[in-house]
Amino acid sequence: MSHGVKPTRREALEYYRRVKSAWNLKVNYFEKVEKIARVESIFEVITEKSFYRCRSIVLAIGYYDNPNLMNIPGETLPKVFHYYKELHPFNDQKVAIVGGGNSAVDIALETFRHGADVTMIVRKSRIDKSVKYWVKPDIENRIKEGSIKAFFNSMLSEIKENEIVIEQNGKKITLENDLVFAMTGYKPDFEFLLKAGIELKGKRLKVPSINPITHETNIPGLFLAGVVCGGMDTGKWFIENSIDHARRILETIVKKKKMKK
Ligand SMILES: Cc1cc2nc3c(=O)[nH]c(=O)nc-3n(C[C@H](O)[C@H](O)[C@H](O)COP(=O)(O)OP(=O)(O)OC[C@H]3O[C@@H](n4cnc5c(N)ncnc54)[C@H](O)[C@@H]3O)c2cc1C
């Protein structure tokens, strides 16, 4: 049972684990799908461990596996992270957080509350409008009171072993630094989608071509669910508003099956 207003990550994971066991779902863990191909009306699915054949596929691959890189010197240093997994000791560490979205804000608040010296580097002039409404006042007030430092209209231009270089309005600022969280967003695996034959619409947004009612792509029998449906518009779909994707898809698959009989 949650003690907060919203469930925590750990509570959500426990809920999903129980859903899996209550419905006796078959889940193959740690198995990346490498390729899917349609041979006549059957799909062939090649994974790093095995091979499957099926009539329908639902891709709910999200976007979280592919971080947007900054392409700056030092980005591959081991002190640079694109994910936050509650594993590292932050107390007394000089932590730089790049980005002004939900992930950056969550990490800024959490590391600050665990004794870190936190500096945010935000490209825009303010914290993102999309930041959860129950979290936004918290981060804005911590910045206002100076307990979390923030550089707005700024970019990180270099990461060194013990320092970072920030560029703000053409000026370079060097700060001492122990750790960098580059929370610069993520993108769906477009190459994987294209290889599967799915058309992407728009140069910038690359929205996968789906029927908005059934969620079937331009490849019959291949469906998309969840945040991947938004392409680069990764904020368009989230848990609460994509909850009916599964129902729409399964109804379509059942209907098709009945028509074949
Ligand atoms: C910090 C943070 C806070 C958030 N807070 C909220 C919130 O409060 N409320 C809310 O509604 N939403 C929230 N979201 C968004 C929410 O997490 C997503 O909307 C949701 O997880 C999307 O579900 P999905 O199934 O589409 O994709 P995901 O949850 O990303 O799942 C995709 C899965 O597919 C796997 N995968 C990808 N490619 C392959 C492959 N080739 N082979 C095998 N597996 C593959 C991935 O590893 C992953 O396990 C938050 C997101 C973040 C990052």
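What you are looking at is a predicted structure, and each value in this text was computed from that prediction instead of being measured. Remember, it's 1-based here, ligands and their atoms both numbered in the order they're listed. This chain uses plain numbering: 1 for the first residue, then up along the sequence.
In the vicinity of Ala60, heavy-atom distances shorter than 4.0 Å reach the ligand 1 atoms 31 (O), 32 (C), 33 (C), 34 (O). Interface atoms of ligand 1 facing Lys32, defined by a heavy-atom separation under 4.0 Å, are 41 (N), 42 (N), 43 (C). Within ligand 1, the atoms closer than 4.0 Å to a non-hydrogen atom of Glu240 are 9 (N), 11 (O), numbered from 1 in the order shown. Interface of Tyr64 with ligand 1, defined as ligand atoms under 4.0 Å from a residue heavy atom, comprises 53 (C). In summary, the atoms of ligand 1 found under 4.0 Å from a heavy atom of Ser103, numbered by their order in the structure, are 1 (C), 53 (C). The atoms of ligand 1 that sit less than 4.0 Å from any heavy atom of Lys132 are 3 (C), 5 (N), 8 (O). Taking a cut-off of under 4.0 Å to the non-hydrogen atoms of Gly226, the atoms of ligand 1 that pass are 26 (O).
The existence of a salt bridge linking Glu140 and Lys136 is confirmed by a sub-4.0 Å separation between a basic side-chain nitrogen and an acidic carboxylate oxygen. Salt-bridge annotation for Glu110 and Arg113: absent, with no side-chain N of the basic residue lying under 4.0 Å from a carboxylate O of the acidic one. Using a 4.0 Å cut-off between charged nitrogen and carboxylate oxygen, Glu251 and Lys255 do not count as a salt-bridge pair. Classification of Lys256 and Glu216 as a salt-bridged pair holds, one side-chain N sitting under 4.0 Å from a carboxylate O. The pair Glu145-Arg142 meets the salt-bridge criterion, with a side-chain N (NZ, NE, NH1 or NH2) lying under 4.0 Å from an Asp/Glu carboxylate O.
Annotation: the span from Lys132 atom NZ to Asp138 atom CG amounts to 11.5 Å, rounded to 0.5 Å. Ile159 CD1 to Asn177 CG: the interatomic distance, rounded to the nearest 0.5 Å, is 7.5 Å. Summarising the geometry, atom OG1 belonging to Thr119 is positioned 9.0 Å from atom NZ belonging to Lys94; distances are rounded to the nearest 0.5 Å. To the nearest 0.5 Å, atoms CD1 (Ile107) and CG (Leu179) are separated by 11.0 Å. Between Phe90 atom CZ and Asp117 atom CG the span is 13.5 Å, to the nearest 0.5 Å. Distance check: Arg18 CZ to Glu14 CD gives 4.5 Å after rounding to the nearest 0.5 Å.
Remark: ligand 1 and Asp65 share an N or O pair separated by less than 3.5 Å (distance only, no angle test). Considering backbone and side-chain atoms together, Val33 places an N or O closer than 3.5 Å to an N or O of ligand 1. Polar contact with ligand 1: present for Val227 (N/O pair, distance under 3.5 Å). In terms of polar-atom proximity, Ile239 is counted as a contact of ligand 1, with an N or O under 3.5 Å from an N or O of the ligand.
Assignment of Glu31 to the shell around ligand 1 is supported, since a heavy atom sits closer than 4.0 Å. Using a 4.0 Å heavy-atom cutoff, Lys6 is absent from the residues neighbouring ligand 1.
Protein heavy atoms are found inside the 4.0 Å sphere centred on atom 43 (C) of ligand 1. Atom 30 (O) of ligand 1 is flagged as protein-proximal [any protein heavy atom, distance under 4.0 Å]. Using a 4.0 Å threshold on non-hydrogen atoms, atom 6 (C) of ligand 1 does not count as touching the protein. For atom 23 (O) of ligand 1, no protein heavy-atom neighbour is present inside the 4.0 Å cut-off. Within the 4.0 angstrom cut-off, atom 53 (C) of ligand 1 has one or more protein heavy-atom neighbours. Within the 4.0 Å cut-off (strictly below), a protein heavy atom is located near atom 19 (O) of ligand 1. In this structure, atom 50 (C) of ligand 1 is not in close contact with the protein, since no protein heavy atom lies within 4.0 Å of it.
Side chain to side chain, Asn28 and Lys26 meet the donor-acceptor criterion of an N or O pair below 3.5 Å.
Of all protein heavy atoms, the one closest to atom 39 (C) of ligand 1 is Ile61 CG2, 3.9 Å. Protein heavy atom nearest atom 28 (P) of ligand 1, with residue, atom name and distance: Gly62 CA, 4.2 Å. Of all protein heavy atoms, the one lying nearest to atom 15 (C) of ligand 1 is Phe238 CB, 4.5 Å.
Note: His215 and His245 have tilted aromatic rings, judged against thresholds of 30 and 60 degrees for the angle between ring planes.
Aromatic ring centroids of Tyr52 and Phe43 lie 6.0 Å or more apart.
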